[in-house]
Amino acid sequence: MTQTAPGAQPGADVRELRAQALELAPAELVIGGQWRNTASGGEIAVENPATGQVLARVPAAGPAEGLAALDAAAGASQAWARLAPRQRGEILRRAFELITERERQFAALITLEMGKPLADALGEVRYGAEFFRWYAEEAVRLYGRTATSPEGHLDILTVPRPVGPCLFITPWNFPLAMATRKIGPALAAGCTCVIKPASLTPLSTLAVARVLEEAGVPAGVVNVIPARGDAATAPILADRRLRKLSFTGSTPVGQRLLADAAPGVLRTSMELGGCAPFIVFADADLDVAVDSAVAAKTRSNGEACNAANTFYAQAGVAEEFARRLAERFAAIEVGDGLEPGVGLGPLVSRGQRQTVAELVDSAVHDGARPLTGGSVPPGAGYFYPPTVLAGVPEGSAVVTTEIFGPVAPVTPFETVDEVLARANAVDVGLAGYVYTRDMALVQRCVRELEVGMLAVNTGPISNAAAPFGGIKHSGLGREGGPEGIQEYVDSLYVGIPR
Ligand code: NAD
């Protein structure tokens, strides 16, 4: 690891970009088209994880603002649903264009509040904005179907209808894209929403809300209420006007929210945690496997639900794979993500770094060998070096826990049966990665790996046109692609005698 000098003064370019980025995001919440700079829950101090300094203070919503936001979303619901799909699509398309015109500013805002490097944040902006373009195009393609009953006595028609007001609760690791991935399909389908962004990173979502307003989204259709814990969302979940909850975050919080959603029999979409296996078979193209491993582990500083978590390398290539990965990791520059050349930023918070450091320490205690990285560097900010652990024993916690940091535990395996059993032994099943030239082996992994998304001989595969989501404790439902809009549509069945 190389690290930029902590505390060094940023250059003029960086200072200007930082100022432009902060201009995008009002430190206010928005309810029914009104931007407010005070709220009953006090305020949330948003930190820059590269320095630990406060970037902005945002009002924190309490129960009163939560209910006011639901009032606004419910009040705007009918008119938005009745607006022509073409008009809804054009507004989304305009929002895509506005974000794209300002993509560097948006990227810098993500870097400032979340920590990922600017180039990586730019990737998030493009990925996130694409949900507005993709669903702008889908808004006019929501189809029902017709059929004849087998007895021949009825015409069966299905009519897609928007589900109604939605609550979105989003995480800090993709503060822009996790919001747009929900807003895009919801608005296209004719739904309104209240969004509670993560308290660590509310600014990017507020900036998205402002762009949507500029693009022509009417007051009340999108309401954003930064808040702590469940302070603002508990009363919303208990209110029968709410029709849907879509949550992205950790599995334990998702499980609790599923219970909170049960009394209202709410429709739910749950995008939860992962523990992605990255399997390198002995016949793999190691250049491809190593390139993919770097991308799948360092994207978003390793704080991605679909990040490669556990690297299984077959006997014969395990040592070479670990050595080459360590060489690549050691060359990554770590520092403030706004500085040029930085390949890895700080983790999002002190607590997150502590969790990662403890997992590495326990793996070393279990017998793993750090080939690079492995300890907390001195200085300001919540940095943790890219780390490769070789020879990680099978039972070590780092193998079966979602790491959420730039740490690659490499654990050897002998047979296909063994690696599939080990990879499937966890409760979650979000993403998986396999590397082999053997098509029969690929097909076996397609059939037997318990995941919702599988990358074959490539790095991360997230795409607005594809269904993102997991199985087992990784969640319910899909975001992206034609599947994503169905989460916001009820299918009304109409039967007419023939
Ligand atoms: P988290 O579960 O701690 O928080 C997610 C959101 O829920 C935040 O907005 C948080 O403030 C809110 N929250 C927490 N407790 C709540 C409660 N009781 N009621 C209402 N809201 C509450 O998750 P995180 O640390 O922000 O994000 C990391 C997790 O998200 C990881 O597990 C990661 O795998 C997962 N994730 C999943 C996906 C996916 O698509 N499957 C994508 C990104 C992140």
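Order of appearance sets the numbers: ligands from 1, and atoms from 1 within every ligand.
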Student: Between Arg243 and Asp490, does any side-chain N to carboxylate O distance fall below 4.0 Å?
Tutor: no
Student: Could you give the distance from SG (Cys166) to CD1 (Ile195), rounded to the nearest 0.5 Å?
Tutor: 10.0 Å
Student: What does the list of residues with a heavy atom under 4.0 Å from ligand 1 look like, ordered by chain and number?
Tutor: Ile169, Thr170, Pro171, Trp172, Asn173, Met178, Arg181, Lys196, Pro197, Ala198, Gly229, Asp230, Thr233, Phe247, Thr248, Gly249, Ser250, Val253, Arg256, Leu257, Glu271, Leu272, Gly273, Gly274, Cys305, Glu402, Phe404, Leu430, Phe468
Student: Decide whether a cation-pi geometry holds between Lys297 and Phe311; the criteria are a distance under 6.0 Å from NZ or CZ to the six-membered ring centre and an angle within 45° of the ring axis.
Tutor: no
Student: Compute both the distance and the angle, then confirm whether Arg181 meets the cation-pi test with Phe468: under 6.0 Å from the six-membered ring centre, within 45 degrees of the axis.
Tutor: yes
Student: Could you tell me if Lys244 sits above the aromatic ring of Tyr488, with its cationic atom closer than 6.0 Å to the ring centre and no more than 45 degrees from the axis?
Tutor: yes
Student: Which pairs, with at least one residue in residues 449-473 and sequence neighbours excluded, count as a salt bridge (Lys or Arg N to Asp or Glu O under 4.0 Å)?
Tutor: Glu450-Lys472
